[in-house]
Amino acid sequence: MDKNQLKKEAYELIRGFKGENYSFGLNVLDTVGQHVEKCGKSALVIANTKLHEQIINRILNSLEKYQITIAGEKIFPNAKPNTPREDVYRLESYILHFKPDCIVVVGGGSSIDAAKIANVLASLGVYSPEIDTYLGAGLVTEGLKQTGKKLFPLVAVEMAASSGSHLTRYAVVTDSVAGQKKLIVDDAIIPNRAVFDYTVTTTAPIDLTIDGAMDGLSHCLESFYGVSKDKIESLKKISLTGLELILDYTKKANENPKDFEAREGLGLGTDLGGYAIMICGTNGAHLSSYSLVDISSHGRACGIMNIYYTVFFAPAIEEKVRLFGNLLKEKGFISSNLNHLHGKDLGIEVAGGLTQFYKSINFPTKLSDLQGFNDQYIKRTLQAAKDPQLEMKLKSLPVQINASEVDEYMAPILEAAKTGNFDLIKIKA
């Protein structure tokens, strides 16, 4: 599709999704104050002032313009990558001490996730002050219902084209000791308002840019693979538009980090990934990524694993895999006629095309490419897949596997991902 038309359709899709509660695109950062004013007159601001000093100053000027008071009269430090539990509890203490009208978090997915969960703990401490209480689906809403409490209004200012956390019901938190991520899924934690000025991503390191793009690709692809028949029409355009934008613009951003056109394309693509997972959540690659937190970024782990889950899923979802494969073919990463291929053979060809795309942007294609990877991570991943708190990911696989079948089917996928050998993948009849 013509690139300008593709972007136009992406803007229309996202506006239809979030309406006036979301400012996005090029040069929209100065709208932050306008959004915060809708939520209150005092704001607790969470951000990394050293990394984003100029951007923070622009945001503060925007808040001043709308006469927003800064709670605590200072900016509070945001969360470290992967949202460590200790950072969540630290942010909770700021909210409890300064009692703002609303919360403004400036950062990437980890910081926004931390603010979401800290908001829950600060608001529902009388119900339960422990993060574990809310792990899973719908448990924040249950706590709000039981107590009659409300969360603080949250305004998310996104800084990275990646997770889409500023738009979604998801928040991930990491147990740093166990090296394991856990997930909260709840409509109650969706930020009330959001701003994403795609120009701010030009300062991101190139590895962060590519890993973020692969997180967005994973959202688009996994949701498309897993969507039910009754929702596929509403999701198909969202996911395929997002995938095409990411395929088109990742290499351009890699080659020229200051290219606003490329940054806009990646921002739109990853935002559509956030939209996609609001219709149908992620599945296999995300589930496997949660156990690799201490050796890989989230987007990198998901990106690698989607190669191998494509092979495993293909016999059950041929038409979806073929549609993605045709997109890869259009971009020059596949030469075969996919209409002549079926089942695992189709999956291998499309996975090969995805591998070629990764190689074109110098992205890893095997788990063994990750520094520090060893077989203990396979054992950890298999054990986590059996954890009831992550059961929603297991249940959302396009090929149904229960906890007792994890070793039989998921272990070969992980072995294939370690070696790059698709023949190791066992197809479930």
Side-chain angles (χ1 to χ4, degrees), residues 78-91 107-118 131-132 134-136 160 162-165 168 170-185 204-205 207-219 222 270 273 277 281-309 363-394 406 410-411 413-414 417-418:
N78 59 7
K80 292 184 283 294
N82 296 311
T83 319
R85 295 169 72 99
E86 52 269 28
D87 279 344
V88 174
Y89 287 117
R90 174 175 56 80
L91 295 183
S110 296
S111 293
I112 294 172
D113 283 359
K116 287 178 175 179
I117 304 172
I131 292 173
D132 285 17
Y134 309 100
L135 296 175
S162 180
S163 71
S165 181
T168 71
Y170 300 92
V172 175
V173 63
T174 297
D175 183 334
S176 302
V177 176
Q180 182 65 46
K181 285 186 175 183
K182 295 290 180 70
L183 184 64
I184 294 175
V185 183
D207 283 350
L208 178 63
T209 295
I210 294 177
D211 288 355
M214 294 310 101
D215 192 12
L217 181 145
S218 296
H219 290 159
E222 291 174 52
T270 55
I277 60 174
T282 55
N283 44 70
H286 268 67
L287 174 60
S288 298
S289 77
Y290 293 154
S291 300
L292 302 170
V293 62
D294 50 351
I295 58 168
S296 175
S297 74
H298 175 66
R300 184 162 295 211
C302 289
I304 292 171
M305 291 308 306
N306 266 309
I307 297 173
Y308 303 92
Y309 277 103
F363 189 78
T365 62
K366 305 187 299 294
L367 291 179
S368 56
D369 293 334
L370 301 175
Q371 186 175 0
F373 177 81
N374 58 51
D375 286 347
Q376 290 302 312
Y377 287 95
I378 292 180
K379 293 179 181 178
R380 182 194 290 181
T381 303
L382 295 172
Q383 187 61 39
K386 302 168 190 175
D387 187 333
Q389 289 179 332
L390 292 174
E391 186 179 22
M392 72 186 83
K393 295 296 180 196
L394 202 60
V406 163
M410 193 175 290
I413 297 170
L414 292 165
K418 178 178 77 172

Using a 3.5 Å distance criterion without hydrogens, assess whether the side chain of [X] forms a donor-acceptor pair with backbone atoms of [Y].
X	Y	answer
R90	N78	yes
D87	K80	yes
Q180	D175	no

Can you tell me how far apart [atom1] ([X]) and [atom2] ([Y]) are? Round to the nearest 0.5 Å.
X	Y	atom1	atom2	value
I378	L292	CD1	CG	9.5 Å
C302	M214	SG	CE	11.5 Å
T83	L91	OG1	CG	9.5 Å
L382	L414	CG	CG	5.5 Å
T365	Y308	OG1	OH	5.0 Å
I413	K418	CD1	NZ	15.0 Å

Aromatic plane relationship, H298 with H219 - under 30° parallel, 30 to 60° tilted, over 60° perpendicular: tilted
Should the pair F373 and Y377 be assigned to parallel (<30°), tilted (30 to 60°) or perpendicular (>60°) ring geometry? parallel
Taking the side chain as everything from C-beta on, heavy atoms only, tell me whether [X] gets closer than 4.5 Å to [Y].
X	Y	value
D207	R300	yes
L287	M305	no
I304	L370	yes
H286	D215	yes

Whether the T282 and Y170 side chains hold a donor-acceptor pair (N or O, under 3.5 Å, no angle test) is what I'd like checked. no
Indicate whether any N or O donor in one side chain lies under 3.5 Å from an N or O acceptor in the other, for N82 and T174. no
Minimum-distance pair of heavy atoms, taken over all atoms of [X] and [Y]:
X	Y	value
G108	A160	CA-CB, 4.3 Å
G107	I112	O-CD1, 3.6 Å
D211	S297	OD2-OG, 2.8 Å
L208	A204	CD2-CB, 4.0 Å
S218	G303	OG-N, 3.7 Å
I210	F363	CG2-CD1, 3.6 Å

Check ion pair K181-D113 (N to O, under 4.0 angstrom): no
Using a strict 4.0 Å threshold on nitrogen-to-oxygen distance, state whether D132 and K182 make a salt bridge. no
Start with the C-alpha distance between I184 and V173, add both sets of side-chain angles, then the distance that settles side chain to side chain contact (heavy atoms under 4.5 Å, CB included), and finish with yes or no. CA-CA 8 Å; I184 294 175; V173 63; 5.7 Å; no
Does the pair M410 and Y309 meet the rule for a side chain to side chain contact (heavy atoms under 4.5 Å, CB included), with working shown? CA-CA 9 Å; M410 193 175 290; Y309 277 103; 3.6 Å; yes
